[in-house]
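Sequence positions, counted from 1, serve as the residue numbers for this chain. As the structure is a computational prediction, the values presented were derived from the model and not from experiment.
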Amino acid sequence: MALPRSIRRTNPITLVLAAVLSLGFLVFLLTPSSNSGAVSTAKRKIANAAAHPLSPPTAPFVKPDASLNGLSKPPPVVHYHLNSVTTTADPIGNQETVLILTPLARFYQGYWNNLLALSYPHSLIAVGFIIPQTREGDTATVALQAAIATTQQGPEGKRFASVTILRQDFDPPISSQDESERHKKENQKARRAAMSRARNSLLFTTLGPSTSWVLWLDADIVETPPTLIQDLAFHDKPVLVPNCFQRFTNEENKPDTRPYDYNSWQDSQVAVDMARDMGPEDIILEGYADIATYRTLMAMTADRSETRNQQAIIPLDGVGGTALLVKAEVHRDGAMFPPFPFYHLIETEGFAKMARRLGWGCFGLPNYFVSNLGISG
């Protein structure tokens, strides 16, 4: 059969060009868009990030690029499988996330340097702070933000997974943060009640579904072993506190150390009887000469020799908060820091009582030391 006239007259080169153009059009339609590499990178970047802006800030929230198809719309429902969250004696091996929380009234560079020196993978650490709305707090906030900016823009291995800063929405009960004022007996109930409120606000805001451990670390703790988190988690206890000492210059102008945290103790029958005779709003305070409780204070039982057994562990009825490691499930179970008299205890000591009432044991390491900021005199 004869070919149509129009085709017979068509130049073969035209047919070849038409075929090439058709093939090119098909390739254009079937080839992924040029930003597919960006999509893949973005997916990897947010694989372990918070699901949306309202997620608990235990991992960084990466705002998706609106130009990336399908990644800019958060899911309406987020499922968290808490049964898969572990707290074990090998937290690094099991990739367990740690939330370090610090109530902060003054910023000490030594604290931040010590925090950066922790050998626990920083990609598994989220950090949270709460700072009072005072002039001193404003100064601390500026200094803290500068330190955070330097760290988070620095080497990736030093960056934390996330950092949260809260400002207190209530006034501090005492204006001065000097140690002499903070430890006056008449200031203790109001001061520690306010500290409880600050701790609870910080905890409830930052505790996320992926958090395995919560490490409470005071803002003036400037010296800990780099392996602090691993060392404490190794004991696999619900609540565990090391012994806090203070470096200072003694009267002979020589460096020295002394026990500092008297809130970690084993109860005595004298203290039990004292509490029984108290009014409902009264609290027992430790470390004051005119309140003789005869409790066994962990600070006074330490072996300070070079050959001490740092693994020695004892049960406790009260704990301090200078460096306190808590399994996140203890907090999820309802153990918080009572800002009110709870069995005549308050703040960290009240927390220990609450944890024990919920069935969780509290323990201490009398020969494992951390140090807070040294002073003279």
Side-chain angles (χ1 to χ4, degrees), residues 41-42 44-50 53 55-63 91-92 95-133 136-168 177 198-199 201-203 205-208 210-233 242 321-326 328 370-374:
T41 301
R44 289 196 301 270
K45 189 174 182 181
I46 68 172
N48 297 315
S55 295
T58 50
F61 171 71
V62 180
K63 185 177 181 181
I92 295 180
Q95 294 290 285
E96 294 168 0
T97 58
V98 179
L99 176 62
I100 300 180
L101 299 180
T102 297
L104 186 146
R106 289 178 177 175
F107 176 79
Y108 297 108
Q109 188 62 45
Y111 162 88
W112 189 257
N113 293 342
N114 185 75
L115 195 66
L116 293 179
L118 293 177
S119 62
Y120 199 84
H122 288 197
S123 61
L124 296 175
I125 297 177
V127 188
F129 303 91
I130 188 165
I131 305 175
Q133 294 274 17
E136 195 171 38
D138 293 341
T139 302
T141 301
V142 171
L144 175 62
Q145 288 176 328
I148 291 170
T150 300
T151 298
Q152 298 300 86
Q153 295 171 10
E156 192 166 344
K158 289 291 186 180
R159 301 175 193 170
F160 297 108
S162 71
V163 181
T164 302
I165 300 177
L166 304 180
R167 300 301 299 271
Q168 289 178 197
Q177 288 300 314
R199 288 186 186 275
S201 295
L202 183 57
L203 173 66
T205 302
T206 57
L207 183 66
S210 65
T211 304
S212 294
W213 302 89
V214 178
L215 174 64
W216 292 94
L217 198 63
D218 274 1
D220 58 357
I221 295 296
V222 296
E223 186 178 354
T224 70
T227 54
L228 173 68
I229 296 173
Q230 302 94 296
D231 293 345
L232 298 185
T322 51
L324 175 66
L325 187 69
V326 182
V370 301
S371 300
N372 74 350
L373 190 68

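Contact check for Leu373 versus Tyr111: no side-chain heavy atoms found under the 4.5 Å cut-off. Using a 4.5 Å heavy-atom cutoff, the side chains of Leu215 and Leu324 are not in contact. Between Tyr108 and Asn372 the shortest side-chain heavy-atom distance does not fall below 4.5 Å. Within the 4.5 Å cutoff, side-chain heavy atoms of Leu124 are placed close to those of Gln95.
Rounded to the nearest 0.5 angstrom, Thr164 OG1 and Leu202 CG are separated by 8.0 Å. Once rounded to the nearest 0.5 Å, the distance linking CD1 of Ile130 with CD of Gln168 reads 5.0 Å. Interatomic distance, His122 NE2 to Gln152 CD, rounded to the nearest 0.5 Å: 10.0 Å.
Here the closest heavy-atom approach between residue Ala140 and residue Ala105 is recorded as CB-O, 3.6 Å. The minimum heavy-atom distance linking Leu104 with Pro132 is given by the pair O-CD, 3.2 Å. Looking at every heavy atom in both residues, Asp231 comes nearest to Pro225 through OD2-CB, 4.2 Å. Residues Ser201 and Leu166 share a closest heavy-atom pair of O-CD1, 3.9 Å. Here the shortest heavy-atom pairing between Leu203 and Leu101 reads CA-CD1, 4.0 Å. Smallest separation of non-hydrogen atoms from Glu96 and Trp213: OE1-NE1, 2.9 Å.
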Worksheet entry | side chain to side chain contact (heavy atoms under 4.5 Å, CB included) evaluation trace for Ile125 with Thr97 | CA-CA 6 Å; Ile125 297 177; Thr97 58; over 6 Å; no

Discussion item. One pair to check against side chain to side chain contact (heavy atoms under 4.5 Å, CB included): Ile100 and Leu115. What are the steps and the verdict?
Written reply: CA-CA 9 Å; Ile100 300 180; Leu115 195 66; 3.8 Å; yes

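A distance-only check finds no donor-acceptor pair linking the side chain of Thr211 to the backbone of Leu207 [under 3.5 Å]. In this structure a side-chain-to-backbone donor-acceptor pair under 3.5 Å is present from Asn114 to Thr224. For the pair Thr102 (side chain) and Leu217 (backbone), a donor-acceptor distance under 3.5 Å is present. The closest donor-acceptor contact from the side chain of Gln230 to the backbone of Ile92 lies at 3.5 Å or more, if one exists at all. A donor-acceptor contact shorter than 3.5 Å links the side chain of Ser119 to the backbone of Pro226.
Taking the six-membered ring where tryptophan is involved, the planes of Phe107 and Trp112 are tilted, since the angle between them lies from 30° to 60°.
Listed by first and then second residue, the salt bridge (Lys or Arg N to Asp or Glu O under 4.0 Å) pairs involving residues 151-161 amount to none (not counting sequence neighbours). Applying the salt bridge (Lys or Arg N to Asp or Glu O under 4.0 Å) definition to pairs two or more places apart or across chains, those involving residues 137-151 are Asp138-Arg167.
With sequence neighbours left out, the salt bridge (Lys or Arg N to Asp or Glu O under 4.0 Å) criterion links Glu223 to Arg247. By the side chain to side chain donor-acceptor pair (under 3.5 Å) test, Gln109 is found to be paired with Asn113, residues two or more places apart in sequence or in another chain being considered. Judged as a side-chain contact (heavy atoms from CB on, under 4.5 Å), and not counting sequence neighbours, the contacts of Asp218 are Arg199, Asp220, Ile221, Thr322. Remark: Ser212 engages no residue in a side chain to side chain donor-acceptor pair (under 3.5 Å) (not counting sequence neighbours).
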